Amino acid sequence: MGSKGLVAGVILAGGLARRMGGQAKPLMALGEMSILSRVIDALRPQCASLSINANRELHLYQLYQLPVLSDPIDGFLGPLAGILAGMDAAAKYQPNAKLLISAPGDTPFLPEDLVERLYAAKTQAQASIAVAMSGGRAHHTVALWDISLKETLRKALSEEGVRAVSQFIDRHKKVDVGWSLDPFDPFFNVNSPDDLEIAEEILIKLKKD
């Protein structure tokens, strides 16, 4: 079984989108399709199963015909709760999956070799988590996780008050994997109307190439 067969995927769309005036960022149009559709197209070939973590507008996410997972712990605790939702679903429905790839639902340009490179680095380093980087910056929600961390993560969220993804990652052996910013940041995320304009410019360049 190759790395793909070991990997479940979760797209993190459980935030409140305050910087977009409450509008769900993944559902916004970028070119002829939504940002979320671009994330799905990038991740689906790289993992054995894929789900969406969302806590609002569930009926709209269900239109994408993927499992939609709400946070397993109440209170909008952030991306870690979405990662836990992905781990729980994988453990229940994909017993062969040992790893979870997570990525935000507002990152439309994810690399085609994301899982392959994270898996190779994680295996070589014998780490529990592999984190994507670009331009010297870690993207903690774009990571490959041991699903065996799920009960440790549940305790961190429910009993220890851990909220920052980086805080949880720093408790475990991890490896960083870098990508180039040329010709653009593959982990660029759309957080604001200005970001959406930049994403549209990147898309135009990609179509020209």
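In what follows, residues are counted from 1 in the order of the sequence shown. This is a predicted model, so every value here is computed, not measured.
Side-chain contact between Ile35 and Pro108: present, with at least one pair of heavy atoms (C-beta onward) separated by less than 4.5 Å. Counting heavy atoms from C-beta on, the side chains of Leu203 and Arg38 come closer than 4.5 Å. Contact check for Trp179 versus Asp185: no side-chain heavy atoms found under the 4.5 Å cut-off. Two residues are said to be in side-chain contact when any heavy atoms from C-beta on lie closer than 4.5 Å; Ile198 and Phe184 fail this criterion. Side-chain contact check for Pro72 versus Leu84: some heavy-atom pair is nearer than 4.5 Å. Side chains of His172 and Thr152 form a contact here, defined as non-hydrogen atoms less than 4.5 Å apart. Residues Leu157 and Arg163 are in side-chain contact: their nearest non-hydrogen atoms beyond the backbone lie under 4.5 Å apart.
Taking a 6.0 Å sphere around CD of Glu32, one finds it holds more than 12 heavy atoms contributed by other residues, nucleotides or ligands. Around atom CD of Gln167, more than 12 heavy atoms belonging to other residues, nucleotides or ligands sit under 6.0 Å away.
In this structure, the side chain of Asp195 engages the main chain of Asn191 through a donor-acceptor pair within 3.5 Å. Remark: side-chain polar atoms of Ser37 are not paired, donor with acceptor, to backbone N or O of Met33 under 3.5 angstrom. Between the side chain of Thr107 and the backbone N or O of Leu110, no donor-acceptor pair lies under 3.5 Å. Of the possible polar contacts, none joining the Arg117 side chain to the Val177 backbone as a donor-acceptor pair under 3.5 Å is found. Glu160 contributes no side-chain N or O that, together with a main-chain N or O of Arg154, makes up a donor-acceptor pair within less than 3.5 Å. Side-chain N or O atoms of Asn53 include none that pairs as donor or acceptor with a backbone N or O of Ile11 at under 3.5 Å. The main-chain N or O of Ala42 is found under 3.5 Å from a side-chain atom of Gln46 such that the two form a donor-acceptor pair. For the pair Ser70 (side chain) and Ala54 (backbone), a donor-acceptor distance under 3.5 Å is present.
The salt bridge (Lys or Arg N to Asp or Glu O under 4.0 Å) with Asp146 is formed by just one residue from the set Lys173, Lys174, Lys122; it is Lys122.
In terms of hydrophobic clustering, with Ile, Leu, Val, Met, Phe, Trp and Tyr side chains grouped at heavy-atom distances under 4.5 Å, Val175 and Leu99 are assigned to different clusters.
Trp145 and Ser128 share no side-chain donor-acceptor pair at under 3.5 Å.
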Do Asp71 and Leu77 pass the side chain to side chain contact (heavy atoms under 4.5 Å, CB included) test, and can you show the C-alpha distance, the side-chain angles, and the key distance before you say yes or no? CA-CA 8 Å; Asp71 291 353; Leu77 303 184; 5.6 Å; no

Might you work through the side chain to side chain contact (heavy atoms under 4.5 Å, CB included) test for Phe187 and Leu114, ending with a clear yes or no? CA-CA 10 Å; Phe187 306 109; Leu114 177 63; 3.9 Å; yes

Dump the intermediate steps for side chain to side chain contact (heavy atoms under 4.5 Å, CB included) on Leu100 and Ile83, then the final yes or no. CA-CA 8 Å; Leu100 180 78; Ile83 292 163; 4.0 Å; yes

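Leu196 approaches Met28 most closely through the heavy-atom pair CD2-CE, 3.7 Å. Contact record, Leu69 with Ala85: CD1-O, 3.6 Å, taken as the closest heavy-atom pair. Between Val7 and Cys47, the closest heavy-atom pair is O-CB, 3.3 Å. When all heavy atoms of Ala8 and Ser49 are compared, the pair lying nearest together is CB-OG, 3.5 Å. Minimum heavy-atom separation, Ser134 to His139: OG-NE2, 2.6 Å. Ile101 approaches Val115 most closely through the heavy-atom pair CG1-CG2, 3.9 Å.
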